[in-house]
A.B. asks: 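Encoded as structure tokens, here's the structure I'll be asking about.
Values below: all heavy atoms of this structure, side chains included; hydrogens, waters and symmetry mates excluded. The structure presented is a predicted model; accordingly, all values stated were derived computationally and were not measured.
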Amino acid sequence: LSERFCVTVGGASHVQSSSGAGAAKLMLAANTSVIPGTNVRTSLNVTGTSPDCELSVSRSLSPHCFVQQKLGLSRDGRYLSLMMSPWLTRTIRGSLSGTFSSDPSLSFSLVKTSLRSGHRARVFCDLQPDSGELGVMFKYKPVKGFSLKLCPTISTRQGLGLQVTCTKASRDTLSKLHWALQVRHASLGLRLTLCRCGLRFVMPLELWSEASGPLSTPDLALALAIWAVPPFILSVLRAGWLAMHGWVKDLWSKES
């Protein structure tokens with residue numbers, strides 16, 4: 001709405017079975033900059049008759065340290081969280097966050113970035129009273145506008161997991177397309193995300209549910225093919241279009 005005030009409106013729907021059973025969600029949020037370096041955000045999510053509200057304050061204590069505080073109310077009760085993210089070196093950034101609620105949690109991470117390219121590596125750990133998760137993330141960015149993320153994890157609840165995400169950005173960097181594959185011991189899913197100028201469209205697809213039992217090797221190979229074929233086809237079509245455009249341009253210049 002203005003340079004210092006922004007409003008976000010979103011919606012989501014989830015269909016769980018072929019019968020059409022599912023749920024709808026409405027999301028409203030407002031963000032404003034109170035003073036330089038301090039942002040206040042409030043959000044309201046409504047699913048059915050259960051609203052969830054949250055208030056967060058983000059502050060830059062210094063050019064090398066960022067702090068975020070959250071206070072929320074949901075169907076599970078009230079919660080309060082605090083997150084601190086300092087720069088340890090020029091290329092390493094840490095993060096430590098804690099949530100105080102009926103189900104408390106503690107998380108920390110380290111991110112290593114490259115000054116010469118868009119490559120990145122991240123290690124993170126999430127702890128709860130009855131569970132924990134440890135994972136690493138590698139981001140490979142060979143050219144501008146394209147990146148590939150590989151994120152293996154291990155959890156005390158869900159065991160080993162792997163998420164692979166292919167991201168393609170437009171030339172003006174206003175649009176991004178994310179194509180992700182998530183693999184667990186007894187679950188398999190695809191997710192397509194399209195972002196454009198603050199708008200976000202997400203289409204998840206569950207290929208294998210936990211109720212179906214352990215994931216078989218042929219189904220995993222088929223899912224990998226489904227995930228890998230669309231980016232490959234798009235790259236081939238783009239290369240063909242650029243080659244044809246260059247050929248037509250050269251032909252036109254010769255005739256003129």
A.B. asks: Output the rest of the hydrophobic cluster of V34: all Ile, Leu, Val, Met, Phe, Trp and Tyr residues reachable through side-chain heavy-atom contacts under 4.5 Å, sorted by chain and number.
C.D. replies: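 Answer for V34: I35, V40, L55, V57.
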
A.B. asks: Considering only heavy atoms from C-beta outward, does the side chain of N31 approach that of T8 to under 4.5 Å?
C.D. replies: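 In short, these two side chains do not touch, never coming nearer than 4.5 Å.
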
A.B. asks: How many angstroms lie between atom CG of D126 and atom CD of E133, to the nearest 0.5 angstrom?
C.D. replies: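 So the gap between those two atoms works out to 6.0 Å.
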
A.B. asks: Is P129 close to P104 at the side-chain level, that is, under 4.5 Å between some pair of heavy atoms?
C.D. replies: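 Answer yes - side chains close enough.
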
A.B. asks: Going by salt bridge (Lys or Arg N to Asp or Glu O under 4.0 Å), name the residues that satisfy it together with E54, two or more places apart in sequence or in a different chain.
C.D. replies: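 E54 satisfies salt bridge (Lys or Arg N to Asp or Glu O under 4.0 Å) with no other residue.
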
A.B. asks: Hydrophobic clusters here meaning ILVMFWY residues chained together by side-chain heavy-atom distances under 4.5 Å, can you tell me if L177 and F201 are in one?
C.D. replies: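 Yes, it is one cluster - the side chains of L177 and F201 are joined through contacts under 4.5 Å.
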
A.B. asks: Listing request: all salt bridge (charged side-chain N to carboxylate O under 4.0 Å, His left out) pairs with a residue in residues 147-167, at least two apart in sequence or in separate chains.
C.D. replies: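 Passing the test, one end in residues 147-167: D130-R157.
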
A.B. asks: Please enumerate all residues that pass salt bridge (Lys or Arg N to Asp or Glu O under 4.0 Å) together with R116, with sequence neighbours excluded.
C.D. replies: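 For R116, no residue satisfies salt bridge (Lys or Arg N to Asp or Glu O under 4.0 Å) once neighbours in sequence are set aside.
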
A.B. asks: Kindly compute the distance separating CE (M137) from CG (L150), expressed to the nearest 0.5 Å.
C.D. replies: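 Output value for this atom pair is 10.0 Å.
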
A.B. asks: Mind checking the CD-CG spacing from Q128 to L106? Nearest 0.5 Å is all I need.
C.D. replies: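 Here the rounded value is 10.5 Å.
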
A.B. asks: In Å and rounded to the nearest 0.5 Å, what is the CG to CG distance from N45 to L26?
C.D. replies: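 Rounded to the nearest 0.5 Å, the CG-CG separation comes out at 8.0 Å.
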
A.B. asks: Quick one: closest heavy-atom pair of H119 and P142, and the distance?
C.D. replies: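 H119 and P142 have their closest heavy atoms at CE1-N, 4.2 Å.
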
A.B. asks: Which pairs, with at least one residue in residues 101-110 and sequence neighbours excluded, count as a salt bridge (charged side-chain N to carboxylate O under 4.0 Å, His left out)?
C.D. replies: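 Passing the test, one end in residues 101-110: no pairs.
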
A.B. asks: Hydrophobic clusters here meaning ILVMFWY residues chained together by side-chain heavy-atom distances under 4.5 Å, can you tell me if L162 and L148 are in one?
C.D. replies: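 Yes, because L162 and L148 connect within a single hydrophobic cluster, where side-chain heavy atoms sit under 4.5 Å apart.
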
A.B. asks: Linking directly or through intermediates, with side-chain heavy atoms under 4.5 Å: list the remaining ILVMFWY members grouped with V111, chain and number order.
C.D. replies: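 When side chains under 4.5 Å apart are linked, V111 ends up in no cluster with other residues.
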
A.B. asks: Quick check on the hydrophobic clustering: are V164 and V202 connected, directly or via other members, by side-chain heavy-atom contacts under 4.5 Å?
C.D. replies: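 Hydrophobic grouping puts V164 apart from V202.
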
A.B. asks: Would you list the pairs meeting ring pair (Phe, Tyr, Trp, His ring centres under 6.0 Å) in which at least one residue belongs to residues 57-83, sequence neighbours left out?
C.D. replies: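 Sorted pair list comes back empty.
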
A.B. asks: Checking one residue: F124. Which other hydrophobic residues are in its cluster under the side-chain 4.5 Å linking rule?
C.D. replies: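 None; F124 is a cluster of one.
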
A.B. asks: As an exercise, state the distance from CD of Q182 to CG of L190, rounded to the nearest 0.5 Å.
C.D. replies: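 Taking CD in Q182 and CG in L190, the distance rounds to 10.0 Å.
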
A.B. asks: How about NZ on K168, more than 12 heavy atoms from neighbouring residues, nucleotides or ligands closer than 6.0 Å, or not?
C.D. replies: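 Yes, NZ of K168 has more than 12 neighbouring heavy atoms, counting only those of other groups under 6.0 Å.
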
A.B. asks: Could you tell me whether the side chains of S58 and Q68 share a donor-acceptor contact shorter than 3.5 Å?
C.D. replies: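 Yes.
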
A.B. asks: What distance do C166 atom SG and L181 atom CG have between them, rounded to the nearest 0.5 Å?
C.D. replies: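 So the SG of C166 and the CG of L181 are separated by 11.5 Å.
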
A.B. asks: Please answer: with hydrophobic residues joined when any side-chain heavy atoms are less than 4.5 Å apart, are V123 and L96 in the same cluster?
C.D. replies: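 Per the 4.5 Å side-chain linkage, V123 and L96 are not co-clustered.
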
A.B. asks: Within the supplied structure, the quantity of interest is the number of heavy atoms (other residues, nucleotides, ligands) at a distance under 6.0 Å from R122 CZ; does it exceed 12?
C.D. replies: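 Yes, CZ of R122 has more than 12 neighbouring heavy atoms, counting only those of other groups under 6.0 Å.
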
A.B. asks: Mind listing the closest non-hydrogen atom pair of S74 and D52 along with its distance?
C.D. replies: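 The answer is CA-OD1, 3.3 Å.
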
A.B. asks: Might you point out which heavy atoms bring A180 and T165 nearest each other, and give the distance in Å?
C.D. replies: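 Residues A180 and T165, closest heavy atoms: CB-OG1, 3.6 Å.
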
A.B. asks: What pairs of donor and acceptor atoms, side-chain ones from residues 82-92 against any protein atom, are under 3.5 angstrom apart with sequence neighbours left out?
C.D. replies:
unit_1 : atom_1 : unit_2 : atom_2 : d
S85    : OG     : R93    : NE     : 2.8
S85    : OG     : G94    : O      : 3.1
T89    : OG1    : T91    : N      : 3.4
T89    : OG1    : I92    : N      : 3.1
T91    : OG1    : K112   : NZ     : 2.7

A.B. asks: T153 versus R184: any side-chain heavy-atom pair under 4.5 Å?
C.D. replies: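 T153 reaches R184 side chain to side chain.
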
A.B. asks: Kindly state each residue pair satisfying side-chain hydrogen bond (donor to acceptor under 3.5 Å, both in side chains) with at least one member in residues 136-147, sequence neighbours excluded.
C.D. replies: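 Passing the test, one end in residues 136-147: no pairs.
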
A.B. asks: So, using side-chain hydrogen bond (donor to acceptor under 3.5 Å, both in side chains) as the criterion, who are the partners of S97 when residues are at least two apart?
C.D. replies: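 Expected list: none.
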
A.B. asks: Of all residues at least two apart in sequence or in a different chain, which pass the side-chain contact (heavy atoms from CB on, under 4.5 Å) check with I154?
C.D. replies: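 By the side-chain contact (heavy atoms from CB on, under 4.5 Å) rule, I154 matches L134, L160.
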
